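Notes follow the structure.
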Protein chains: 2
Amino acid sequence: MNTRARARRGEGAHLREELLDATERLLAATGDEEMVSVRAIAEAVGVSPPAIYLHFPDKDALIFEVCAARFAELDRFIEDAAAGVRDPIEALVVRGRAYVRFGVENPEQYRVLFMRRGSARALTPAELRETAAFGNLVKAVERAQQAGRLTSSEDGVRIAMELWAVAHGVTSLLIGVHGFPWPADFADRVLRTYVDGLSSRADTSS
Amino acid sequence: MNTRARARRGEGAHLREELLDATERLLAATGDEEMVSVRAIAEAVGVSPPAIYLHFPDKDALIFEVCAARFAELDRFIEDAAAGVRDPIEALVVRGRAYVRFGVENPEQYRVLFMRRGSARALTPAELRETAAFGNLVKAVERAQQAGRLTSSEDGVRIAMELWAVAHGVTSLLIGVHGFPWPADFADRVLRTYVDGLSSRADTSS
DNA sequence: TGTACATCAGTGAACGCGCGTTCACTGATGTAC
DNA sequence: TGTACATCAGTGAACGCGCGTTCACTGATGTAC
């Protein structure tokens with residue numbers, strides 16, 4: 001029953017922002033995309049459901065925009081975490097850990113981005129490859145290659161995909177399988193073991 | 001519009017089997033749990049929707065039973081794949097590969113088992129640990145430990161959880177992110193790199 | 001300075017849909033006497 | 001051997017629900033003359 005003053009002329013776009021904010025809050029609070037209905041969003045903002053269609057073509061576009069914004073945050077979060085780390089191998093572990101942590105703290109957005117059925121709007125592979133988050137991971141891999149800590153005979157993109165798969169595995173199990181006795185250092189352990197394995201590929205080839 | 005002869009007295013349980021079969025087929029065919037409605041299942045079998053409630057307390061119990069059965073198949077599939085493999089480290093890779101393959105070939109059942117929201121009925125952690133599939137993985141890890149190929153100073157269950165996370169990461173990305181240029185040997189590469197990393201843990205401790 | 005008018009930011013009611021589930025029932029099948 | 005009856009395996013119609021979306025509208029706000 002949140003009431004809201006009607007926006008003044010030319011300021012209709014304010015509602016757009018409020019809708020995005022409310023959707024994000026609901027997604028985070030309920031932790032369930034299916035509970036974030038058009039009606040729930042509208043009520044949270046203090047507006048009638050049809051008002052949403054003044055600013056978004058449909059519900060999916062709204063949800064997706066919220067999640068895409070969160071995706072940009074994911075990139076920033078990872079970059080911040082890795083910023084001070086000199087050692088390029090350690091930096092890969094730190095990145096992975098940041099990725100996992102972000103996913104665990106924003107499980108529903110994570111689900112919408114990476115664990116959704118094919119039917120709904122999701123990041124296309126092309127979009128995904130062009131995201132800052134993935135691009136920065138590829139660069140981090142390449143730095144490790146240039147420092148001679150990973151084999152340079154392999155494509156950095158491929159290695160980045162592998163690291164993504166490992167971090168995603170940890171993240172989605174932590175999100176999806178509650179109550180399992182995951183050790184506190186689980187993510188760290190898995191990531192570290194993986195980069196060890198990557199390093200040994202380098203050792204055998206050089 | 002499948003019509004079906006009413007079962008004779010005492011043979012009502014036949015319908016139960018037919019319902020399980022039809023649900024499994026629909027799940028596999030549509031690849032979308034949400035399309036597998038009570039009405040769709042009933043129609044596939046040639047029976048009215050309420051007939052389902054003669055055999056299952058609710059829809060969730062039916063879906064879950066189908067998926068749990070598939071889970072038992074997963075175990076068999078993995079055991080068959082690993083049966084002839086002598087080398088205990090190679091056996092871990094082979095197991096992982098079988099896991100991924102099974103998931104990719106049964107994506108919707110995989111989703112229901114491992115990628116579902118918390119609200120619905122899912123395997124409890126206790127059930128999960130007691131599944132043959134997880135138990136057999138732990139045993140396979142312990143064989144590698146006993147052969148001196150993995151450090152024995154760590155809990156086999158923990159290492160099994162790590163391998164699961166890695167295999168799950170690959171599986172769920174392959175399922176969830178279609179069209180991304182995953183290499184054909186992606187699963188193999190990731191699993192092999194991980195067991196390499198695990199082996200190097202053993203090297204440093206012994 | 002006053003007023004007609006276009007525009008903008010919404011609203012209220014309703015649309016049709018498909019869902020899981022319940023309830024009172026039917027009619028064939030087997031059994032007891 | 002015939003018949004009344006209990007049982008079993010279903011059916012048909014309807015329940016209430018919440019969903020995303022559409023449509024005709026309203027009423028305040030600013031602008032032109």
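Below, all heavy atoms of this structure are taken into account, side chains as well, without hydrogens, waters or symmetry copies. Every value quoted in this text rests on a predicted model; they were computed, and no experiment measured them. Throughout, a chain's letter reflects where its sequence line sits, starting with A, and its residues are numbered from 1.
- Across every strand in view, C/dG2 sits in a pair with D/dC33 that passes the Watson-Crick or G-U test at under 3.5 angstrom.
- Checked against a 6.0 Å centroid threshold, the rings of A/Phe71 and A/Phe114 count as neighbours.
- Atom C1' of nucleotide D/dG20 and atom CD1 of A/Ile52 are separated by 10 Å, given to the nearest angstrom.
- Base-pair partner of C/dT21: D/dA14 (Watson-Crick or G-U wobble, both distances under 3.5 Å).
- Phosphate contact (OP1/OP2 of D/dC19, side-chain N/O of A/Ser37, threshold under 4.0 Å): present.
- Using N1 to N3 plus N6-O4 or O6-N4 for Watson-Crick, or N1-O2 and O6-N3 for G-U wobble, each under 3.5 Å, D/dA28 pairs with C/dT7.
- Residues B/Glu105 and B/Tyr110 have side chains that never bring a donor and an acceptor to within less than 3.5 angstrom of each other.
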Go through the steps for B/Glu65 and B/Arg16 under the test side chain to side chain contact (heavy atoms under 4.5 Å, CB included), then give the verdict.
CA-CA 11 Å; B/Glu65 188 163 329; B/Arg16 190 184 153 84; 2.5 Å; yes
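- Two rings, from A/Phe134 and B/Phe180, have their centers less than 6.0 Å apart.
- Across the protein-nucleic acid pair, A/Asp32 atom CG and D/dG18 atom C1' stand 14 Å apart, rounded to whole Å.
- Per the geometry, CG belonging to B/Leu26 stands 12 Å off P belonging to C/dC19, to the nearest Å.
- Taking the charged nitrogens against the carboxylate oxygens, A/Glu79 and A/Lys139 have no contact shorter than 4.0 Å, which rules out a salt bridge.
- Comment: A/Asp185 engages B/Arg158 in a salt bridge, judged by a side-chain N to carboxylate O separation of less than 4.0 angstrom.
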Summarise how protein sits on nucleotides 21-33 of chain C as a single string, 5' to 3': B when a protein heavy atom is under 4.0 Å from the base, S for sugar-phosphate-only contact, - for no contact.
BBB---B-BB---
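- Rounded to an integer number of Å, the gap from CD of A/Glu18 to C1' of C/dA9 is 13 Å.
- Summarising the geometry, the separation between NE2 on B/His14 and P on D/dC8 is reported as 16 Å, rounded to the nearest angstrom.
- Taking the nucleotide of DNA chain C with the nearest heavy atom to each of B/Glu34 and A/Ala51, the more 5' of the two is matched to A/Ala51.
- A/Arg149 has its side chain within reach of A/Asp87: a pair of non-hydrogen atoms, C-beta onward, lies under 4.5 Å apart.
- A straight line from CD of B/Glu11 to C1' of D/dC8 spans 12 Å, rounded to a whole angstrom.
- For the pair A/Ser48 and C/dG12, the criterion of a side-chain N or O lying under 4.0 Å from OP1 or OP2 is not met.
- Separating the CG atom of A/Leu62 from the P atom of D/dG20 is a distance of 11 Å, rounded to the nearest angstrom.
- Put simply, CD on A/Glu43 is 16 Å from C1' on C/dG12, counting in whole angstrom units.
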